[in-house]
Amino acid sequence: MDKEFEVIFVIVNAGFADDVMSAARECGARGGTVINARGTAREEAEKAYGIVIEPEKEIVLILVAKDIKEPILHAIYKKVGLNSPGQGIAFCLPVDDVIGLTPAK
């Protein structure tokens with residue numbers, strides 16, 4: 001594959017993974033993987049950021065072409081960002097190699 005890819009990691013409160021994927025699909029993502037997780041933030045973090053820390057989390061991994069990463073991140077932020085009930089945070093990492101993907105039709 002000649003395209004460059006990045007993986008978007010989105011950590012949201014449990015129950016908001018579908019909202020993440022809905023926002024990502026609107027911008028061209030084809031799918032993602034959801035992993036159940038548990039947060040470990042300390043009480044000091046809750047006070048510093050002024051948000052309630054929910055221990056049950058979902059991590060959504062979305063492999064995307066580099067050229068659609070920014071619109072996807074912005075859509076996710078609008079739908080499930082820190083100021084929403086999903087209290088999502090997202091970050092990206094570059095991907096060196098990809099196998100097993102078929103081109104979009």
Side-chain angles (χ1 to χ4, degrees):
M1 297 200 117
D2 293 335
K3 270 192 167 179
E4 291 186 42
F5 289 89
E6 297 219 8
V7 63
I8 299 173
F9 289 78
V10 186
I11 304 167
V12 290
N13 288 334
F16 288 89
D18 288 340
D19 291 341
V20 170
M21 284 311 306
S22 172
R25 282 191 181 105
E26 289 173 10
C27 296
R30 294 173 59 194
T33 299
V34 179
I35 301 171
N36 294 313
R38 183 173 49 88
T40 62
R42 298 183 311 182
E43 187 177 325
E44 296 87 32
E46 180 179 329
K47 290 178 183 171
Y49 294 107
I51 58 174
V52 176
I53 306 294
E54 295 288 337
E56 296 303 313
K57 303 288 183 186
E58 292 172 329
I59 302 171
V60 184
L61 290 81
I62 310 166
L63 184 65
V64 299
K66 192 173 184 177
D67 60 341
I68 63 170
K69 174 190 75 169
E70 288 296 325
I72 291 173
L73 283 173
H74 288 289
I76 290 169
Y77 175 75
K78 282 182 177 179
K79 199 162 213 172
V80 294
L82 274 178
N83 295 323
S84 76
Q87 295 183 334
I89 62 168
F91 61 92
C92 300
L93 294 173
V95 174
D96 290 334
D97 293 306
V98 175
I99 59 170
L101 291 181
T102 56
K105 296 180 179 182

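Side chains are part of it too, since the values below use all heavy atoms of this structure and drop only hydrogens, waters and symmetry mates.
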Return the minimal non-hydrogen interatomic distance between [X] and [Y], and the atom names on each side.
| X | Y | answer |
| --- | --- | --- |
| Asn13 | Gln87 | ND2-OE1, 3.4 Å |
| Leu73 | Ala90 | CD2-CB, 3.9 Å |
| Val98 | Val95 | CG2-CG1, 3.6 Å |
| Ala17 | Val12 | N-CG2, 4.0 Å |

Are [X] and [Y] in one and the same hydrophobic cluster, where Ile, Leu, Val, Met, Phe, Trp and Tyr link if side-chain heavy atoms are under 4.5 Å apart?
| X | Y | answer |
| --- | --- | --- |
| Met21 | Ile68 | yes |
| Phe91 | Leu63 | yes |
| Tyr77 | Leu82 | no |
| Ile11 | Ile35 | yes |

Kindly indicate whether the side chain of Cys27, heavy atoms from C-beta on, has any atom under 4.5 Å from the side chain of Ile72. yes

Could you tell me if the side chain of Val60 sits less than 4.5 Å from the side chain of Ile76, heavy atoms only? no

Lys78: what forms a side-chain contact (heavy atoms from CB on, under 4.5 Å) with it, not counting sequence neighbours? none

Working to the nearest 0.5 Å, report the span between CD1 of Ile59 and CD1 of Ile89. 9.0 Å

Quick one: pull up SG in Cys92 and CZ in Phe5 and give me the separation to the nearest 0.5 Å. 14.0 Å

Polar side-chain atom of Asp19 near backbone of Lys79 as donor-acceptor pair, under 3.5 Å: no

Side-chain donor/acceptor of Glu58 to backbone N/O of Gly15, under 3.5 Å: yes

Evaluation steps, side chain to side chain contact (heavy atoms under 4.5 Å, CB included), between Val20 and Ile62: CA-CA 10 Å; Val20 170; Ile62 310 166; 4.1 Å; yes

Can you check side chain to side chain contact (heavy atoms under 4.5 Å, CB included) on Arg38 and Lys57, steps first, answer last? CA-CA 5 Å; Arg38 183 173 49 88; Lys57 303 288 183 186; over 6 Å; no

So does Asp67 have more than 12 non-hydrogen atoms from other groups sitting under 6.0 Å from CG? yes

